[in-house]
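For reference, the structure discussed in these notes is given below.
This structure is a prediction, so every number in the text was calculated from the model and none was measured. Heads up: numbering here begins at 1 and tracks the sequence.
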Amino acid sequence: MSPRSRRGFLADVGKGMLVVSVGPALARDMGLASAMAGEVDERLTFGSIEPLVSLMQQTSIDRLLPALVEKVKSGTTLKELVAAGALANARTFGGQDYIGFHTLMALPPALDMSRELPDDRRALPVFKVLYRNTNHIQTNGGGSQEQLHPIHAGELPSSRPGGEQLQQAVRGLEMETAEKTFAAIARGGPDDAFNELQWIVQDDTDVHRVVLAYRAFALLEVTGLEHAHTLLRQSVRYCVQSENGYVKNGRGLPSVRQTLPKLLDQYRLLERPLGDRQADDAWIEEMSRIVFGTDREHAADAVAAALADGMSPQSVGEAISVAANRLVLHDPGRRNAQEGKPLGSVHGDSVGVHASDAANAWRNIAQVSNHRNTLASLIVAAYHTAGQSGNLNSEPYPAAEHLAEVGGSDPAALLAEAEAAIRDQNQFAATAIVHRYGELGGEPAPVFNLLLRYATSEDGALHAEKYYRTVSEEFGRTRQSMRWRQLAALARVTASEFGRPAPGYAEACRLLGVS
């Protein structure tokens with residue numbers, strides 16, 4: 001479902017499904033989640049899906065994939081498996097475990113990827129991430145170490161916006177107050193909860209902060225709106241934990257906290273309607289260069305000025321996305337090897353992949369949230385993307401010498417060459433071949449199909465699924481003259497991550513009877 005239709009999804013369902021609307025007893029009878037604010041049971045449980053959630057937590061990793069195959073054979077959908085995996089993850093880790101929240105963020109993209117695959121292979125990306133999910137849950141004690149428990153809603157004075165009150169509690173390191181405040185906010189429905197949550201998401205330029213918030217929101221299409229509080233409260237806990245890190249490590253607080261309100265006030269943005277001016281190619285190029293090449297304050301100011309001048313949020317978001325893509329294409333590669341990320345690699349938590357995933361999340365939030373958050377998300381997105389190009393190459397890949405080595409114009413031959421380059425881990429050849437394929441007017445679907453196979457099979461250092469989905473979304477809403485940069489970047493990252501198959505992938509293939 002697109003970000004635009006997601007807004008309609010929330011509006012159509014409305015607040016009638018919320019537990020607070022019908023009362024906890026009737027909600028339980030109706031099979032709605034018992035995880036909303038004010039629940040008094042000792043353990044957080046999830047109604048009719050609870051047995052499947054428990055399976056994700058309690059099954060030993062050597063038995064998980066056979067169990068999932070049997071579930072699918074008996075009629076359980078991949079969507080139901082993802083919903084159960086997400087709730088098991090949330091209950092176990094509560095948004096406060098590094099591998100845990102990365103895995104949760106990979107679940108919606110994995111489900112989206114499954115829809116692009118042939119029938120016999122559709123389960124593979126979902127099984128891959130669920131294997132990682134249960135393995136990490138089991139490694140951390142299974143159901144014995146759950147972090148999320150029922151929470152009573154606090155009082156929410158009407159004198160100030162709920163998000164402002166939540167922000168105060170988070171900044172004050174008051175976990176219980178923050179949780180109770182957010183539980184009270186969640187009574188207003190998932191739309192209100194998501195919008196008020198943005199006050200704390202916008203408090204820092206942290207890729208995990210923004211992507212966790214957006215992917216948890218996207219999961220509501222999978223789990224149902226009755227689990228909105230459970231999924232979104234993870235961001236509250238993550239933000240309190242991050243705030244505590246500033247104090248513990250003696251770091252200064254993020255300056256975006258001064259920049260954002262200053263620019264909203266300076267340009268009187270909250271008093272203006274959203275603009276509808278559509279940018280031409282030259283404007284997108286120039287704004288993307290500003291965001292890519294200047295410091296954060298200048299980039300945020302440029303975006304705020306553009307919004308004040310009536311430029312549409314869609315055009316501003318497109319420019320920020322193009323700027324983030326430049327960070328992938330200008331990246332010289334890692335100068336220091338890390339586990340699973342060798343010298344010269346750009347997959348995983350590289351500057352460009354992180355920037356692209358973050359820009360995608362900020363842009364999606366801007367499309368599905370209220371007037372204030374549309375503006376604020378784009379300003380913070382520019383601030384987040386900027387200021388990272390100082391140690392990168394002055395010119396992007398593919399370089400002229402790499403393009404010169406690409407011969408021929410037959411699409412099928414170029415695709416075969418691109419796959420060979422990926423399997424050789426030749427980032428520069430893969431980038432150049434896909435770039436040339438796009439220049440020649442090739443159809444994008446065969447390229448996506450090729451790169452999807454490796455986004456499914458390779459580990460990707462926790463980022464393969466998210467980045468594949470980022471590129472597929474951004475390619476679809478970037479103008480023709482610039483969109484192939486997205487696929488060229490994905491080809492580069494795919495070649496970088498090749499050679500490290502995901503744990504459980506081979507077993508999943510064997511159990512599903514696919515090569």
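The distance from the CZ atom of R122 to the OG1 atom of T77 is 12.5 Å, given to the nearest 0.5 Å. Taken from CZ in F127 to CD in E507, the straight-line distance is 10.5 Å, to the nearest 0.5 Å. The distance from the CG atom of L253 to the CG atom of D204 is 9.0 Å, given to the nearest 0.5 Å. In this structure, T59 OG1 and N135 CG are separated by 12.5 Å, a value rounded to the nearest 0.5 Å. Summarising the geometry, atom CD1 belonging to I379 is positioned 15.5 Å from atom NE2 belonging to H384; distances are rounded to the nearest 0.5 Å. Rounded to the nearest 0.5 angstrom, L231 CG and L225 CG are separated by 10.5 Å.
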Please evaluate residues L124 and K128 with respect to the criterion side chain to side chain contact (heavy atoms under 4.5 Å, CB included), reporting the C-alpha separation (whole Å), side-chain torsions for both, the decisive distance (0.1 Å), and the verdict. CA-CA 6 Å; L124 286 175; K128 167 192 176 181; over 6 Å; no

Working for ring-ring contact (aromatic ring centres under 6.0 Å, His included), residues F498 and H347: CA-CA 9 Å; F498 179 77; H347 64 278; over 10 Å; no

From CA spacing to verdict: side chain to side chain contact (heavy atoms under 4.5 Å, CB included), F46, R91: CA-CA 10 Å; F46 302 110; R91 184 165 68 187; 3.6 Å; yes

Please step through side chain to side chain contact (heavy atoms under 4.5 Å, CB included) for the pair Q278 and M311, ending with a clear verdict. CA-CA 6 Å; Q278 300 302 310; M311 194 59 70; over 6 Å; no

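For the pair R436 and W484, the cation-pi test (distance below 6.0 Å, angle within 45°) is failed.
The one candidate from N364, D357, N325 that meets the side chain to side chain donor-acceptor pair (under 3.5 Å) condition with T470 is D357. Of the residues T103, I99, N140, L104, the one that meets the side-chain contact (heavy atoms from CB on, under 4.5 Å) test with F93 is N140. Applying side chain to side chain donor-acceptor pair (under 3.5 Å) to H136 and the options T92, N89, D97 leaves one that passes, D97.
Using a cut-off of 4.0 Å between Lys/Arg side-chain N and Asp/Glu carboxylate O, R485 and E285 are scored as salt-bridged. Salt bridge status for E465 with R469: absent, with no side-chain N to carboxylate O gap under 4.0 Å. A salt bridge is absent between R500 and E497; no separation between the charged side-chain nitrogens and carboxylate oxygens falls under 4.0 Å. R479 and E318 are joined by a salt bridge, as a carboxylate oxygen and a charged side-chain nitrogen come within less than 4.0 angstrom of each other. For E474 and R483, the salt-bridge test fails: no basic side-chain N is under 4.0 Å from an acidic carboxylate O.
Looking only at distances, a side-chain donor or acceptor of S345 sits under 3.5 Å from a matching main-chain atom of P342. In this structure, the side chain of R296 engages the main chain of A386 through a donor-acceptor pair within 3.5 Å. With hydrogens and angles disregarded, a donor-acceptor distance shorter than 3.5 Å links the side chain of N373 to the backbone of N195. Within the 3.5 Å criterion, the main-chain N or O of H435 finds no donor-acceptor partner in the side chain of E439. Looking only at distances, no side-chain donor or acceptor of T456 sits under 3.5 Å from a matching main-chain atom of P125. In this structure, the side chain of D295 engages the main chain of H298 through a donor-acceptor pair within 3.5 Å. Side-chain N or O atoms of D206 include one that pairs as donor or acceptor with a backbone N or O of H208 at under 3.5 Å. Between the D459 side chain and the A461 main chain, a donor and an acceptor come within less than 3.5 Å of each other. A donor-acceptor pair is defined here as one N or O able to donate and one able to accept, closer than 3.5 Å; no such pair exists between the side chain of Y454 and the backbone of R423. Within the 3.5 Å criterion, the main-chain N or O of A323 finds no donor-acceptor partner in the side chain of S288.
Note on ring orientation: taking the six-membered ring where Trp is involved, the planes of H330 and F292 are tilted (angle from 30° to 60°). Note: H102 and Y98 have tilted aromatic rings, judged against thresholds of 30 and 60 degrees for the angle between ring planes. Relative ring orientation between H402 and Y397 is described as tilted, the plane-to-plane angle lying within the 30° to 60° band.
The list of salt bridge (charged side-chain N to carboxylate O under 4.0 Å, His left out) pairs with a residue in residues 342-353, not counting sequence neighbours, reads R334-D349, K341-D349.
Residues T259 and E297 have side chains that bring a donor and an acceptor to within less than 3.5 angstrom of each other. A donor-acceptor contact closer than 3.5 angstrom is absent between the side chains of R363 and Q314.
Nearest heavy atom pair, residue V222 against residue A83, reads CG1-N, 3.6 Å. When all heavy atoms of S377 and I365 are compared, the pair lying nearest together is OG-CG2, 3.4 Å. The nearest pair of heavy atoms linking H463 to H354 is NE2-NE2, 3.3 Å.
Annotation: F475 is in aromatic contact with F448 [ring centroid separation under 6.0 Å].
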